[in-house]
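For the single chain, residues carry numbers from 1 onward in sequence order. All ligand and atom numbering here is 1-based and tracks the order in the structure.
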Amino acid sequence: MAKIAIIGTGYVGLSSAVGFAHLGHDVVGIDIDKAKIAKLSSGQSPIFEKDIEVFLKKSLKKKKIAFTSDYSKVAGSQFVFLCLPTPQLDNGAADVSFILESTKMLSRHLKKSSTVVIKSTVPVNTWKLVKENINRDDVAVVSNPEFLREGTALQDFFKPDRIVVGCTDEVKATEVAKLYKAKKAKVVFTDNTSAEIIKYASNSFLAIKLSFVNEIAAYAESTDANALDVLNAMGLDKRIGKDFLKPGPGWGGMCFPKDVSALKESAQERNVPIPMLDAALESNLKAQLRVVKKISDALGGSLKSKNVCVWGLAFKANTDDTRFSPSISVINLLLKQGAIVKAFDPVVKHVPHLKIDVTSEIIQSVENADVIVVLTEWQEFKSIKPEIIEKWVKNKIVVDSRNLLDKSKWEKNGFRFIGNGYN
Ligand code: UDX
């Protein structure tokens with residue numbers, strides 16, 4: 001049982017804090033956002049994430065977790081995890097200023113021979129800047145990137161595919177790995193810089209994979225083939241893997257766009273450009289444009305004053321996160337072409353700066369609709385009855401960019417059904 005401090009209680013920080021407390025460690029979460037600290041201390045989660053509030057309340061009750069804005073409280077901790085944001089700068093590079101500011105403030109409070117663990121996604125050699133800022137020979141700096149997915153963050157914390165620990169000090173590295181008590185996970189011990197690159201390379205490879213999947217879906221459609229069969233057969237090859245083969249309206253979220261851009265910038269800077277990243281970004285935009293063209297074609301070639309009903313605003317199911325959501329990008333393209341958009345999402349009830357009507361009930365979203373467009377793969381959309389929906393729409397057309405709905409069920413009720421990757 002260890003004493004752990006978590007600096008930054010956003011998505012990664014809070015999931016890790018609640019995870020470590022549940023494993024029996026004594027955890028203090030530190031954040032400059034006093035309102036968030038007050039909310040967390042009262043057992044409320046500022047993020048929409050499965051089970052996180054249940055686990056938070058349990059650990060608060062057992063006094064295994066506490067929250068504060070007082071940085072000096074790290075003094076009691078053997079391990080100090082940096083879970084601070086590294087947002088995208090205008091040139092696409094990652095902004096490490098929060099990390100560097102925070103380490104300057106931390107240094108004098110750190111316990112003797114404590115270990116600072118970088119969990120944020122950081123560009124290569126940020127660990128060296130952190131070491132310089134801490135400027136203490138007795139404090140080790142370990143790079144331990146996270147691979148949590150929104151919607152399954154706690155499950156991914158408790159059952160990771162692998163734990164990556166980068167540090168030249170093997171003793172410190174082993175201590176950090178042991179904190180996870182993860183029996184099944186493979187532990188990868190490496191150096192700090194390799195650990196930093198593992199995160200960017202993993203996310204970028206998944207984004208490239210998805211860009212290819214969306215391009216194959218478009219290609220298969222142009223040949224009357226069925227991309228779902230094509231992708232399924234591809235995935236049976238262990239070298240390809242069956243996951244992340246679902247076509248969609250493009251990939252998004254807080255991580256993929258930012259990490260692909262950051263790696264692209266860093267590689268460019270080092271004069272070893274990775275052109276595949278440019279291609280993945282360009283391809284992702286095209287995937288969104290393809291969805292818009294499909295909708296426009298289905299409505300006779302013009303979206304002007306057409307009522308477009310959108311199902312799904314979050315960047316993927318089981319999260320309320322609309323940051324860099326492909327749904328929002330597609331909606332903005334629709335609005336630009338003069339469409340009138342009404343949307344429904346099971347969780348997202350408002351999107352800042354988006355001039356659309358977000359309905360509280362799904363039936364309201366289809367009233368007088370010229371077309372229904374599925375953009376987020378919320379499972380509850382599957383149980384919607386076309387025989388009920390048909391009474392409210394103006395036109396019986398469905399464009400399902402996630403291949404979520406049952407084509408035959410909708411067609412049986414007279415709907416024209418347009419999938420993604422097959423006709
Ligand atoms: C990602 C990484 O998966 C995770 O390891 C890392 O720690 C953070 O970034 P997340 O941002 O939660 O996690 O999203 P993810 O589940 O990876 O999905 C990314 C995007 O790809 C979403 O827009 C999703 O809808 C899309 N996607 C995913 C597809 O279009 N098809 C698929 O088959 C899978």
Which protein heavy atom lies closest to atom 16 (O) of ligand 1, and at what distance to 0.1 Å? Lys316 NZ, 2.7 Å
Distance from atom 5 (O) of ligand 1 to nearest protein heavy atom, with residue and atom: Phe147 O, 2.9 Å
Glu221 with Arg290: basic N within carboxylate O range, under 4.0 Å: no
Protein contact of atom 26 (C) of ligand 1 - nearest heavy atom, named by residue and atom, plus distance: Leu210 CD1, 3.8 Å
Can Lys209 be said to sit on top of Phe212's aromatic six-ring, NZ or CZ under 6.0 Å from centre and within 45° of the ring axis? no
Determine whether a donor-acceptor pair (N or O, by modelled atom type, separation under 3.5 Å) exists between the side chain of Ser266 and the backbone of Ala262. no
Could you tell me whether Gly250 and ligand 1 have an N or O pair separated by under 3.5 Å? no
Should you measure from each heavy atom of Glu146, which atoms of ligand 1 turn up under 4.0 Å away? 7 (O)
Per-atom filter on ligand 1: closer than 4.0 angstrom to a heavy atom of Lys199 are 7 (O)
Ranked by distance from atom 9 (O) of ligand 1, the top protein heavy atom is Cys255 CB, 3.0 Å
Can you establish whether the number of heavy atoms outside Met276 located under 6.0 Å from its atom CE is more than 12? no
Dump the intermediate steps for ring pair (Phe, Tyr, Trp, His ring centres under 6.0 Å) on Tyr180 and Phe158, then the final yes or no. CA-CA 8 Å; Tyr180 290 89; Phe158 293 127; over 10 Å; no
With heavy atoms and a 4.0 Å threshold, my read on which part of Met254 contacts ligand 1 is neither
To check your reading of the model: name the closest protein heavy atom to atom 4 (C) of ligand 1, its residue, and the distance in Å. Leu148 O, 3.3 Å
Nearest neighbour in protein (non-hydrogen) for atom 3 (O) of ligand 1: Arg149 CG, 3.3 Å
Identity and distance of the protein heavy atom lying nearest atom 12 (O) of ligand 1: Glu150 N, 2.6 Å
Would you say that more than 12 heavy atoms from the other residues, nucleotides or ligands in this model lie under 6.0 Å from the CG of Leu100, or not? yes
So with a 6.0 Å cut-off around CD of Glu170, is the heavy-atom count from everything else above 12? no
Should the proximity of Arg323 to ligand 1, defined as any heavy atom under 4.0 Å, be assigned to the side chain, the backbone, both, or neither? neither
For ligand 1, which is the ligand I care about here, please tell me if Arg402 has any N or O atom under 3.5 Å from one of the ligand's N or O atoms. yes
Please confirm whether the backbone N or O of Trp378 pairs with a side-chain atom of Thr376, one donor and one acceptor, at under 3.5 Å? no
For ligand 1, which atoms, with element, lie under 4.0 Å from some heavy atom of Leu245? 33 (O)
Sole residue of Asp320, Asp321, Ile356 in side chain to side chain contact (heavy atoms under 4.5 Å, CB included) with Leu313: Ile356
Heavy-atom proximity to atom 34 (C) of ligand 1, picking from Phe256, Phe244, Trp251, Phe324, points to Phe244
For residues Thr193 and Asn125, is any side-chain donor paired with an opposing acceptor at under 3.5 Å? yes
Would you check if Lys199 and Phe147 make a side-chain contact, meaning some heavy-atom pair closer than 4.5 Å? yes
Just need the protein heavy atom nearest to atom 31 (N) of ligand 1, so name the residue and atom and give the distance. Lys246 O, 2.8 Å
Checking heavy atoms under 4.0 Å, the part of Asn203 that sits near ligand 1 is side chain
